[in-house]
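Working notes, structure below.
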Number of protein chains: 2
Amino acid sequence: MILIDYRDSRPIYEQVVDKFRLLILNGSLKPEEKMPSVRTLAMDLSINPNTIQRAYAELERRGYIYTVKGRGNFVSDTDKFKDEYKEEIFTRLDEVCDSAYKAGITTGELTEHIEKGSKEGGIGE
Amino acid sequence: MILIDYRDSRPIYEQVVDKFRLLILNGSLKPEEKMPSVRTLAMDLSINPNTIQRAYAELERRGYIYTVKGRGNFVSDTDKFKDEYKEEIFTRLDEVCDSAYKAGITTGELTEHIEKGSKEGGIGE
DNA sequence: TAAGTGTACTAATTTGCTTAGTACACTTAA
DNA sequence: TTAAGTGTACTAAGCAAATTAGTACACTTA
């Protein structure tokens with residue numbers, strides 16, 4: 001379901017949080033869907049259950065999943081996060097543009113690159 | 001010249017590398033210009049000289065500065081890195097676009113956002 | 001009842017960053 | 001020549017965070 005990148009310097013639990021967050025926001029994991037159990041996922045990824053537990057606790061704290069004791073963790077309804085996620089993406093876009101301008105890349109080059117990419121990829125309208 | 005962000009979870013030496021790399025690529029630091037001495041910069045930032053040394057070693061390894069023993073560290077000619085830096089920026093742009101499409105943002109919204117931002121900021125052509 | 005689930009807790013280990021301190025070779029300017 | 005400033009190398013220690021290991025307990029479901 002997810003993979004750990006051991007070349008990534010970020011802690012494992014943080015990678016797990018991010019990957020699931022994206023799966024949920026993307027709709028790859030739908031509301032009410034059951035998350036892998038702490039112990040199962042730990043086995044699959046060959047890491048300690050405590051580490052998964054920590055990741056799940058963070059996902060719950062942020063509202064992406066909810067817990068039913070004895071039954072498991074389940075994906076929350078995350079519609080309320082979608083707009084905020086879009087904002088986050090636009091912020092990242094602004095940062096990239098900022099770097100681009102400083103490097104001498106023009107607005108035209110940026111938009112052209114995006115339009116070209118979207119045609120070739122067949123996405124984004 | 002640069003500042004350390006202690007809220008940033010990345011190691012100090014890595015922040016130092018990144019900041020100087022950008023200053024150099026931006027042209028804020030020009031080829032042949034002298035870098036602050038290891039000890040001076042360590043004093044200014046209130047951190048250990050070893051940490052600066054580590055950052056400078058990394059900058060040298062990557063070709064952004066060169067060392068003359070007994071004299072100091074100097075900025076390299078980095079024209080050769082400029083194109084590669086632009087590539088890096090376009091790669092980051094692609095990643096953002098990828099996230100955007102998955103979140104349901106269209107190409108039109110992306111380019112519009114960029115054009116609007118560049119007009120208000122008065123940059124990018 | 002047994003198996004699977006989340007949760008809580010302590011202890012130990014590991015890893016990487018950072019500091020502290022020392023030493024040495026080089027360059028420059030007084 | 002000398003003193004101050006420069007980079008470099010090295011060892012040791014401290015520190016913080018992540019991770020592992022192990023155990024225990026309460027809950028749910030078949």
Side-chain angles (χ1 to χ4, degrees), chain A residues 1-21 23-24 29 31-76, chain B residues 1-21 23-24 29 31-76:
Chain A
M1 173 155 281
I2 66 168
L3 283 179
I4 302 302
D5 178 4
Y6 288 99
R7 287 169 309 178
D8 192 330
S9 66
R10 290 178 317 157
I12 297 175
Y13 81 92
E14 208 171 297
Q15 290 188 46
V16 173
V17 168
D18 281 3
K19 304 243 176 182
F20 275 108
R21 176 170 179 261
L23 286 175
I24 292 169
L29 286 173
E32 313 310 330
E33 196 165 335
K34 187 172 185 309
M35 300 280 287
S37 88
V38 169
R39 290 175 178 86
T40 314
L41 185 56
M43 285 279 288
D44 287 353
L45 299 178
S46 302
I47 59 184
N48 194 285
N50 291 339
T51 306
I52 301 297
Q53 173 54 28
R54 180 165 182 183
Y56 278 13
E58 177 64 14
L59 283 166
E60 185 182 25
R61 192 190 65 78
R62 293 217 244 161
Y64 290 97
I65 63 178
Y66 63 92
T67 297
V68 185
K69 267 194 186 176
R71 292 194 54 217
N73 289 281
F74 301 86
V75 177
S76 299
Chain B
M1 173 156 281
I2 65 169
L3 283 180
I4 303 302
D5 178 4
Y6 287 99
R7 288 169 309 177
D8 192 329
S9 65
R10 290 179 314 158
I12 297 176
Y13 81 92
E14 208 172 298
Q15 289 188 47
V16 174
V17 168
D18 282 2
K19 303 241 176 184
F20 275 109
R21 175 170 180 261
L23 286 175
I24 292 169
L29 287 172
E32 313 309 330
E33 196 166 335
K34 190 174 182 309
M35 299 280 287
S37 88
V38 169
R39 290 175 178 84
T40 315
L41 185 56
M43 285 278 288
D44 288 354
L45 300 178
S46 302
I47 59 183
N48 194 283
N50 291 339
T51 305
I52 301 297
Q53 173 53 28
R54 179 163 183 185
Y56 277 14
E58 176 65 14
L59 283 167
E60 186 181 26
R61 193 190 66 77
R62 294 216 243 160
Y64 290 97
I65 64 177
Y66 63 92
T67 297
V68 184
K69 268 194 184 176
R71 291 195 55 218
N73 288 280
F74 301 86
V75 177
S76 300

Test B:R54 against B:E58 for salt bridge (charged side-chain N to carboxylate O under 4.0 Å, His left out), laying out the working first. CA-CA 6 Å; B:R54 179 163 183 185; B:E58 176 65 14; over 6 Å; no
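Taking only distance into account, the side chain of A:R39 meets the base of C:dG6 through a donor-acceptor pair shorter than 3.5 Å.
Nucleotide D:dC27 forms a Watson-Crick or G-U wobble pair with C:dG4, both donor-acceptor distances falling under 3.5 Å. Partner assigned to D:dG14 is C:dC17, using Watson-Crick or G-U wobble distances below 3.5 angstrom.
The only option from A:L59, A:V17, A:V75, A:N73 that meets the side-chain contact (heavy atoms from CB on, under 4.5 Å) definition with A:Y64 turns out to be A:L59.
When the side-chain nitrogen and oxygen atoms of B:T40 are compared with OP1 and OP2 of D:dG5, none of them lie within a distance under 4.0 Å. For D:dT20, the OP1/OP2 oxygens have a side-chain nitrogen or oxygen of A:T51 closer than 4.0 Å. Here A:Y13 reaches the OP1 or OP2 of D:dA18: one of its side-chain N or O atoms lies under 4.0 Å away. For B:T67, a side-chain nitrogen or oxygen approaches OP1 or OP2 of D:dT8 to under 4.0 Å. Checking the phosphate oxygens (OP1, OP2) of C:dT5, a side-chain nitrogen or oxygen of A:S37 falls inside 4.0 Å. Put simply, B:R71 has no side-chain N or O that comes within less than 4.0 Å of OP1 or OP2 on D:dG5. Proximity of A:N73 to the phosphate of C:dT5: no side-chain N or O atom is located under 4.0 Å from OP1 or OP2.
Between the CG atom of A:L45 and the P atom of D:dT19 there is a distance of 12 Å, rounded to whole Å. Distance, B:M35 CE to D:dG7 P: 10 Å, rounded to whole Å. Between the CD1 atom of B:I4 and the P atom of C:dC17 there is a distance of 14 Å, rounded to whole Å. Put simply, CD1 on B:I52 is 13 Å from P on D:dT8, counting in whole angstrom units. B:Y6 has its OH atom 12 Å from the C1' atom of C:dT19, to the nearest Å. Atom-to-atom, CZ of A:R54 to P of D:dA18 comes out at 4 Å; the value is rounded to the nearest Å. What separates CZ of A:F74 from P of D:dT29 is a distance of 9 Å, to the nearest Å. Atom pair A:I12:CD1 and C:dT15:P shows a separation of 12 Å (rounding to whole Å applied).
In terms of heavy atoms, A:I4 sits closest to A:I12 at CD1-CG2, 3.9 Å. Across A:N48 and A:A42, no two heavy atoms sit closer than the pair C-CB, 4.0 Å.
The residue among B:Q53 and A:N48 whose nearest nucleotide of DNA chain D is located toward the 5' end is B:Q53. When each of A:N50 and A:V68 is assigned the nucleotide of DNA chain C bearing its nearest heavy atom, the one mapping closer to the 5' terminus is A:V68.
B:I65 places none of its side-chain heavy atoms less than 4.5 Å from the side chain of B:F20.
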